[in-house]
Structures are given as C-alpha cells and as structure tokens.
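What follows is a single structure, written as structure tokens, with notes after it.
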Amino acid sequence: MAAPTAVPEFQVDPYWPKPLPNNWIIGAVAGVAVDKRDHIWIAHRPSTIAARQLMAERNPPETSCCVRAPSVLVFDRQGTLLRHWGGPGQGFEWPELEHGIYVDANDHVWLAGSGPKDHQLLKFTLDGRFLLQIGRAGQSKGNADTANLNRPADVEVDTVAREVFVADGYGNRRVIVFDSETGAYKRHWGAYGQPPVDGGPEAYGGTAAYTPGQPPSRQFASPVHCVRLTRDRLVYVCDRTNDRYQVFQRDGTFVEEHFIAPQTRLNGSVADLIPSLDPSQEFLFSVDNSNGVARVIRRRDGEVLSTFGRPGRQAGQFHVPHNIAQDSEGSLYISEVDNGQRVQRFVRR
C-alpha cells in the first residue's frame, strides 16, 4: 500500500511583494493569477482607496504620498514589479468594479467585473492590448441571455478546446461557456446542472436566504464566485453564500457537491478554490472570506484536512480573503478585499 501523501503546509513570506514605485498604493485586490512564467498578476480596485490615502494626487499635493496604482500589476516570484496597465480605453468597456483576472496558456489576460453594469468580459494581450469583449455593459437580460453576462466573478480557459468558462456571477446564477477566440456562446447551466432562474431576492436568485440546517438550495446563490478546471476534465464551481462547491463534467452534468463550514452565514465560506499541481491533483486549496481562513481540502471526498491563517492584520492573517493562485513551486498567493487591500504569498514548506 502506498504511503499517504503528506498534507501540504504553508508559511507566509512577510516580505512579498517589494514596495511599489511611484508613490503608488493599491485598493481592494479582487483578483490574483499566475501565468506560465510564474509571473503573479493582480487586479485591484483603485476606486476603493480612501481619500486620506491619496493626498499626493491633489493639486497641490497635501502630503508626500500616495497616488493610486494602475488596475493591473504584474510581479515576479521575488516580488519585483514587472508590468502595469489597466483602465478605460478605446474599443472596450472597462469594468466599473474590477474582479477576477486569469492568464491562459496562450498568454491572453481575461478580466471580469462585478459592478452593477458590468455585463461584459474582456480579453487582452500581456501588455494590455485589447483583443475581445464578450457582452455589453448594462445589457443583461437575465440568466437565459446568451449574449451578455451579469456581473461575472471569474473565468478559466481551456485553450485546447478553445473554451472560456465564466462564473456568472453576482447578477446571474450560472456557469456560462463561450468560444475563447470568437466569443460565440456554447452552453450554460445552474446548480445541479439545471437551468438557473431569475427573480426573487436580489442576493439569492429566487431562493430563500441560506439557513444552516435547511435543505440545500436548488439554485446557486449570489455570487457564483469561481470556476476551476481540473486535469480529469471536471469543473469546480464556488457557490459561496451557500457554503458549498459543486462539481460538474465539462458539459454541465452534475457530479457531486461538498459543503464547507456549513454554519457560516454572512458572505459564505467558499470564496475561491484551486487544485494542487501534483499529477492527480489530490488537494484543493480554498479561501473563506467570512471566517478569514484558508483551507486544504482532499479533492476525492471534500474533507477539510487543515486550515491556516485567522482574521487579523498581521502577516499570515486575513481580512476578507478573496482569491487564490499558485506558482509552479506550490507557493500560494491570496488576495484580500474590503480594506484588507493586499496580496500575500504563502510558501509551501
């Protein structure tokens, strides 16, 4: 019998990233991704930075610091800033409120937004040249609309199949798939692989608010917060407010679901998750923005094996952890929203 795989352990790197240049400061870090070069990408929200922190933008400046950084920042593994861009431009509709970021295997950068009129998904080159927009701002017609999104949270791309999977999102209650090259609609589904519904309370897509101990909702709640693909061709979906993730085949056929910290109310317990990089992807790494922890989950049965972090402001603690990514050495990068406003690196021991 093979020896059981040791549960991964992580330790915070308190010196990552290095200080930003140009008197820059960042807001809520809504998205984090790692590309094939082990460059770490973040999408932050300049609009969330408090006025007291931006006195150097005034004319004349009232203090020596600070000014808001561009929305998209790229670092190497050592924490050195490599690239930056972002914001409104010609030919596309920049989101009102930046959310997820993903860099696919063909070096295309995908950006989502969760503002009230963010019904679009954007695709760029590594240097920020616009390539494609799917959907139009403020045009969503609901869960049956195949042309527009509704406050999408995040994406992942299968470059071989030329498909982009979208967690859609804060307004809709579904996963939707498009051709990643043309933007053409392909398919969509809701919880349990069934059609998603419109109507009812804004936060719950026509279902009652999550109540611990009650039968599981037959619909995704708001938001459908992540979509992740595994090598065995499964699709993992974060149903954050319902304290669960659901697993599907690539065509939307429901496989299973697992509940995490099911007594959690507030914003739910499954903000994001990613599979480990070992050949069988034995583990899932997940962040919980309500309880302020990260978890190591056994993928085959959904058992929580360990947690790390706790609510707080110090290195290794969390204030509203939001998204998670990993580099080729297994280090994790965890972003924080609200007034956490940072991304932390956790090195695998």
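Values below: every heavy atom of this structure, side chains too, minus hydrogens, waters and symmetry copies. The residues of the chain are indexed from 1 along the displayed sequence. What you see is a predicted model, and the numbers here were worked out from it, not measured in a lab.
Interatomic distance, D145 CG to Q139 CD, rounded to the nearest 0.5 Å: 9.0 Å. The structure places OG1 of T211 at 11.0 Å from CD of Q263, a figure rounded to the nearest 0.5 Å. Atom CZ of residue R295 and atom CD1 of residue I324 lie 11.5 Å apart, to the nearest 0.5 angstrom. Rounded to the nearest 0.5 Å, atoms CG (D35) and CG (L126) are 6.5 Å apart. Expressed to the nearest 0.5 Å, how far CZ of R162 lies from CG of D179 amounts to 5.0 Å. The CH2 atom of W110 sits 6.0 Å away from atom CG of L121, with the distance rounded to the nearest 0.5 Å.
The two residues D327 and L277 make their nearest non-hydrogen contact at O-CD1, 3.2 Å. The shortest non-hydrogen separation linking T125 to V109 is O-CG2, 3.8 Å. In this structure, W94 and S71 approach most closely via the heavy-atom pair CZ2-CB, 3.7 Å. Residues G268 and D243 share a closest heavy-atom pair of CA-OD1, 3.2 Å. The heavy-atom pair separating I49 from Q341 by the smallest distance is CA-NE2, 4.3 Å. Residues D198 and K141 approach most closely at OD2-O, 4.5 Å, considering heavy atoms.
Between R240 and P223, some side-chain heavy-atom pair lies under the 4.5 Å cut-off. With contacts defined as side-chain heavy-atom distances shorter than 4.5 Å, the pair L97/R151 does not qualify. At a threshold of 4.5 Å between non-hydrogen side-chain atoms, the residues R298 and H258 do not count as touching. R77 is listed as a side-chain neighbour of R345, based on a closest heavy-atom distance under 4.5 Å. Side chains of V296 and V304 form no contact here, defined as non-hydrogen atoms less than 4.5 Å apart. Residues T230 and R299 are in side-chain contact: their nearest non-hydrogen atoms beyond the backbone lie under 4.5 Å apart. At a threshold of 4.5 Å between non-hydrogen side-chain atoms, the residues C226 and Y245 do not count as touching. Within the 4.5 Å cutoff, side-chain heavy atoms of P95 are placed close to those of L122.
In terms of modelled atom types and a separation under 3.5 Å, the side chain of R174 and the main chain of N143 share a donor-acceptor contact. R348 contributes no side-chain N or O that, together with a main-chain N or O of L332, makes up a donor-acceptor pair within less than 3.5 Å. At distances below 3.5 Å, at least one donor-acceptor pair connects side-chain atoms of R228 with backbone N or O atoms of L273. D76 contributes a side-chain N or O that, together with a main-chain N or O of Q78, makes up a donor-acceptor pair within less than 3.5 Å. R173 contributes a side-chain N or O that, together with a main-chain N or O of G171, makes up a donor-acceptor pair within less than 3.5 Å. Not a single donor-acceptor pair under 3.5 Å links the side chain of E163 to the backbone N or O of V177. Side chain of H119 to backbone of S140: a donor-acceptor contact under 3.5 angstrom is found. Judged by distance alone, the side chain of K123 and the main-chain N or O of G183 form no donor-acceptor pair under 3.5 Å. Under a 3.5 Å cut-off, the side chain of K18 and the backbone N or O of T80 do not form any donor-acceptor pair. Between the H322 side chain and the S335 main chain, no donor and acceptor come within less than 3.5 Å of each other.
Hydrophobic clustering (ILVMFWY, side-chain heavy atoms < 4.5 Å, transitive): F254 and V227 are in one cluster. Linking Ile, Leu, Val, Met, Phe, Trp and Tyr residues whenever their side-chain heavy atoms come within less than 4.5 Å leaves I42 and I334 in two separate clusters. In the hydrophobic cluster analysis, where Ile, Leu, Val, Met, Phe, Trp and Tyr join through side-chain heavy atoms closer than 4.5 angstrom, Y15 is grouped apart from V29. In this structure, L81 is not a member of the same hydrophobic cluster as V72, with clusters built from ILVMFWY side-chain heavy atoms closer than 4.5 Å.
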| query | After noting the C-alpha distance and the side-chain angles of F165 and R250, does the key distance pass the side-chain contact (heavy atoms from CB on, under 4.5 Å) rule? | reply | CA-CA 9 Å; F165 291 72; R250 295 290 178 92; 3.9 Å; yes

| query | Given D278 and T5, is the side-chain hydrogen bond (donor to acceptor under 3.5 Å, both in side chains) satisfied, shown in steps? | reply | CA-CA 10 Å; D278 54 281; T5 304; over 6 Å; no

| Between V293 and F308, is a side-chain contact (heavy atoms from CB on, under 4.5 Å) present by the stated rule, with each step listed? | CA-CA 6 Å; V293 299; F308 60 95; over 6 Å; no

| said: Applying side-chain contact (heavy atoms from CB on, under 4.5 Å) to V166 and I134, what does each step give before you reach the verdict? | reply: CA-CA 11 Å; V166 187; I134 301 174; over 6 Å; no

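Taking the six-membered ring where tryptophan is involved, the planes of F220 and F248 are perpendicular, since the angle between them exceeds 60° and thus also 30°. Aromatic ring orientation, F92 versus F124: perpendicular (interplanar angle above 60°, classes split at 30° and 60°).
Around the CZ atom of R129, the shell of radius 6.0 Å holds no more than 12 heavy atoms that belong to other residues, nucleotides or ligands. Under a cut-off of 6.0 angstrom, the local environment of CZ in R52 is sparse, with at most 12 non-hydrogen atoms contributed by other residues, nucleotides or ligands. By the neighbour-count criterion of 12 heavy atoms within 6.0 Å, atom OH of Y185 is densely surrounded, having more than that number from other residues, nucleotides or ligands. Open room surrounds NZ on K117; 12 or fewer heavy atoms of other groups in view lie less than 6.0 Å from it.
A donor-acceptor pair shorter than 3.5 Å can be found between the side chains of H225 and Y170. Side-chain N/O atoms of T159 and D104 include no donor and acceptor closer than 3.5 Å. Residues S286 and D288 bring no donor and acceptor atom of their side chains to less than 3.5 Å of each other.
Taking the six-membered ring for Trp and the full ring otherwise, W16 and Y333 have centroids separated by under 6.0 Å.
With F346 as the fixed residue, the ring pair (Phe, Tyr, Trp, His ring centres under 6.0 Å) test singles out one of F10, F285, F318: F318.
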